[in-house]
S.K.: 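Sharing a structure with you now.
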Amino acid sequence: MQGIENTWYQDATIYSVDLKVFQDTNGDGIGDFQGLTERLDYFSRLGIDCIWLLPFYPSPGRDNGYDVMDYYGVDPQFGTLGDFVEFVRAADDRGIRVIIDFVVNHTSDQHPWFQAARSDPNSKYRDFYLWADEEPEIRPDRGPIFPGEEDHVWSYDNKADAYYYHRFYRFQPDLNVANPEVREEVKKILGFWLELGVAGFRIDAAGLLTQTKGLVEEPLDDPHDFLREMREFVSWRRSDAVLLAEADRPPAELGEYFGDSNEMHLLLNFQLNAHIILALARGESAPLASVLKELPDPPKNAGWANFLRNLDELNIGVLTEAEQADVYEEFAPAETMRIYDRGIRRRLAPILDGDDERIKLAYSLLFSLPGTPIIVYGDEIGMGEDLDQPGRFAVRTPMQWTDAPNAGFSTADPDDLIRPIISNETFAPKEVNVADQRADPNSLLNWISSLIQTHNEFPELARGDGTVLNVDHPAVFAHASSLAGESIVTVHNLSDETATITLSLNANPIPIFGDANFGPDGDSLHISLSPYGYCWFQL
């Protein structure tokens, strides 16, 4: 029976993990659930409330696990279903919730549904996918998701003697989510994992689930009906379960994914992410102020999931060509650093030249904005990337626990690791690892932990109403977050020069995080920020 809604996700800090590169316990060079369980105290010490797992289902592994061939299992290389349940139970004992990736836009071409569909035109599974007897033309707004990797969205299958539809890779046929039988299967899968203790799902490619597919030209009668069905089902099965959507859409459309408090609980904030990066590249606050005015206000029981990086590319496709050019010039000057004509395949630390002060500024900014912050594994210690790895694998290298062989990730022969350890001198395990930073009170790791703890003390930051404040310096971003009569004001200097501003405040400011020289003058407050400086004030 559904109870009173628990909005724990609005106060959480989410940690995104690629299981296969986090901790290996059996020495085969691949991370596993036992390793993740052994590292749960690390999450607790850091202050993490929720772990978001990338796909771990049985898969051919041609798209980092997003080509699912069994929604009800764990790929044997990561352990067993029992290992998964033990991990979820042990996380729950520490007050940590677990959400998992749910890939429902498409399956692997090795999934039994697709194999049945291609083998028998009379099978019920034929209508689980989308088919055409002759290859249709690609509609301009329905091209491949990965430009340069796929040229078509229709591929011919010899056994079926027909073309099937896929927005992603040809080995990932799209599901026909308009089919009621597909939707019933989806609910069974959601129910299965809820019974095993997961606290929610990150809905992969949610933006595609509301679009017409295949040969259908007319808009759907109710594009968001499927998302509402999922929300209703999940909420009835577990009232505190959360749906986190990947919906990379224009600001004017994003509010539709919250619905009338009956669709997604959280939306990944791609718009904010791109504009934060633009602001950091230019050293100007205007892009931030602009995008915050464009974004819709979420319902009270919903919100934004804000991030500086995720484990895909840093997508700046929403920016203008001139804005993209500025970002590329500053943060990805080499073609090898770019991907898909829209993004950057680098980690945050090397993007910001390994400068702890700039990294801290960026994270202070992220945690001060309304919404739920997300940290990608390894960014809390400033890990780098490996641009010798193909595509998105550049930012999915093994976690660096120590300066021991294989960075403490695995006891396997280095040649047997699922991916190589970073060898770049600046970001290699000898220079960047958990053990050394844990022992250093001034490390990035301990600073991030302090940031999370401070963020937890002031719910105004995550849940409050945000207001951009006018300041007399182009490099300084200032805003206030207010909730139930309490307010926090934060100021951030995005430039490499000292900046001085004046704010009009009708209250005495108490600094609670960061550092600045400040002094009151009547109702005004004069603040001097060092290069890349920041400060949070409680009023």
Side-chain angles (χ1 to χ4, degrees), residues 13 15-48 51-54 56 77-79 83 87 90-91 94 96 309 311 346-350 352-356 359-360 363 375-389 393-453:
T13 298
Y15 190 94
S16 176
V17 179
D18 191 349
L19 168 68
K20 63 178 67 64
V21 289
F22 200 67
Q23 182 67 69
D24 167 31
T25 55
N26 61 7
D28 65 355
I30 302 171
D32 46 50
F33 273 113
Q34 289 188 17
L36 201 57
T37 303
E38 289 179 3
R39 291 296 185 181
L40 279 170
D41 287 339
Y42 174 74
F43 297 112
S44 294
R45 195 176 295 115
L46 187 58
I48 299 302
I51 296 171
W52 158 22
L53 291 178
L54 269 63
F56 51 81
Q77 64 184 335
F78 306 137
D83 293 331
F87 161 67
R94 294 164 173 80
I96 299 173
R309 285 294 284 114
L311 289 170
R346 306 190 68 198
R347 280 262 189 176
L348 181 70
L352 299 179
D353 296 327
D355 185 339
D356 271 8
I359 297 169
K360 290 176 182 178
Y363 268 107
I375 298 176
V376 166
Y377 84 93
D379 274 4
E380 73 275 18
I381 59 172
M383 274 178 53
E385 76 263 343
D386 183 355
L387 294 175
D388 290 334
Q389 294 299 302
F393 290 161
V395 300
R396 299 173 182 175
T397 57
M399 182 67 177
Q400 296 173 192
W401 295 105
T402 70
D403 62 0
N406 296 337
F409 160 69
S410 172
T411 59
D413 186 286
D415 291 337
D416 294 332
L417 298 182
I418 188 168
R419 275 175 222 128
I421 302 297
I422 288 176
S423 59
N424 179 296
E425 289 186 5
T426 303
F427 297 100
K430 184 178 180 181
E431 301 298 330
V432 178
N433 67 74
V434 170
D436 288 349
Q437 292 197 24
R438 181 178 289 159
D440 179 2
N442 297 315
S443 69
L444 179 61
L445 174 64
N446 284 316
W447 181 90
I448 290 281
S449 180
S450 177
L451 172 71
I452 294 172
Q453 292 171 22

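Residue indices begin at 1 and follow the sequence shown. Source: prediction; values computed, not measured.
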S.K.: Using 30° and 60° as the class limits, which term best fits the ring planes of F87 and F33: parallel, tilted or perpendicular?
M.R.: tilted

S.K.: Show your reasoning for whether side-chain contact (heavy atoms from CB on, under 4.5 Å) applies to V376 and R347.
M.R.: CA-CA 9 Å; V376 166; R347 280 262 189 176; 3.6 Å; yes

S.K.: Can a donor-acceptor pair be found, under 3.5 Å and without considering hydrogens, that links the side chain of Q400 to the backbone of V432?
M.R.: yes

S.K.: To the nearest 0.5 Å, tell me how far N26 CG sits from D24 CG.
M.R.: 5.0 Å

S.K.: Search all heavy atoms of L444 against all heavy atoms of D356 and return the closest pair with its distance.
M.R.: CB-OD2, 4.2 Å

S.K.: Considering non-hydrogen atoms only, spot the tightest contact between R438 and R45 and give its length.
M.R.: NH2-NH1, 2.9 Å

S.K.: Looking at E380 and I375, what are the two nearest heavy atoms and their distance?
M.R.: OE1-CG2, 4.1 Å

S.K.: Rounded to the nearest 0.5 Å, how far does CG of L445 lie from CG of D379?
M.R.: 12.0 Å

S.K.: Sorted by first residue and then second, give each side-chain hydrogen bond (donor to acceptor under 3.5 Å, both in side chains) pair with at least one member in residues 412-428; sequence neighbours left out.
M.R.: N64-R419

S.K.: Rounded to the nearest 0.5 Å, what separates atom CG in L40 from atom CD in Q23?
M.R.: 11.5 Å

S.K.: Kindly indicate whether the side chain of M399, heavy atoms from C-beta on, has any atom under 4.5 Å from the side chain of V434.
M.R.: yes

S.K.: Do you know the tightest heavy-atom contact between T397 and G384?
M.R.: OG1-O, 4.1 Å

S.K.: To the nearest 0.5 Å, what is the distance between CG on L46 and CG on D41?
M.R.: 12.5 Å

S.K.: Hey, is the main chain of F78 close enough, under 3.5 Å, to the side chain of D83 for a donor-acceptor pair?
M.R.: no

S.K.: If you look at every heavy atom in K20 and F409, which pair is closest and at what distance?
M.R.: O-CZ, 3.5 Å

S.K.: Are F43 and F22 an aromatic pair by the rule of ring centers under 6.0 Å?
M.R.: yes

S.K.: Can you find a heavy atom in the side chain of V17 that is under 4.5 Å from one in the side chain of L53?
M.R.: yes

S.K.: Please tell me if the side chains of I421 and P414 come closer than 4.5 Å, counting only heavy atoms from C-beta onward.
M.R.: no

S.K.: Report the distance from atom CZ of F393 to atom CG of L387, rounding to the nearest 0.5 Å.
M.R.: 14.5 Å

S.K.: Enter the distance from T25:OG1 to D32:CG here, rounded to the nearest 0.5 Å.
M.R.: 3.5 Å

S.K.: Is I48 close to I452 at the side-chain level, that is, under 4.5 Å between some pair of heavy atoms?
M.R.: yes

S.K.: Can the positive tip of R309 be found less than 6.0 Å from the middle of the six-membered ring of Y377, inside 45° of the ring normal?
M.R.: no

S.K.: Measuring centre to centre across the rings, with the benzene-like ring taken for any Trp, is Y42 within less than 6.0 Å of W401?
M.R.: yes

S.K.: Would you name the heavy atoms of S443 and Q437 that are closest together and state the gap between them?
M.R.: OG-O, 2.7 Å

S.K.: When you measure from the side chain of N433 to the backbone N and O of P429, does any donor-acceptor pair fall under 3.5 Å?
M.R.: yes

S.K.: Determine whether L348 and Y363 make a side-chain contact, defined as any pair of heavy atoms from C-beta on separated by less than 4.5 Å.
M.R.: yes

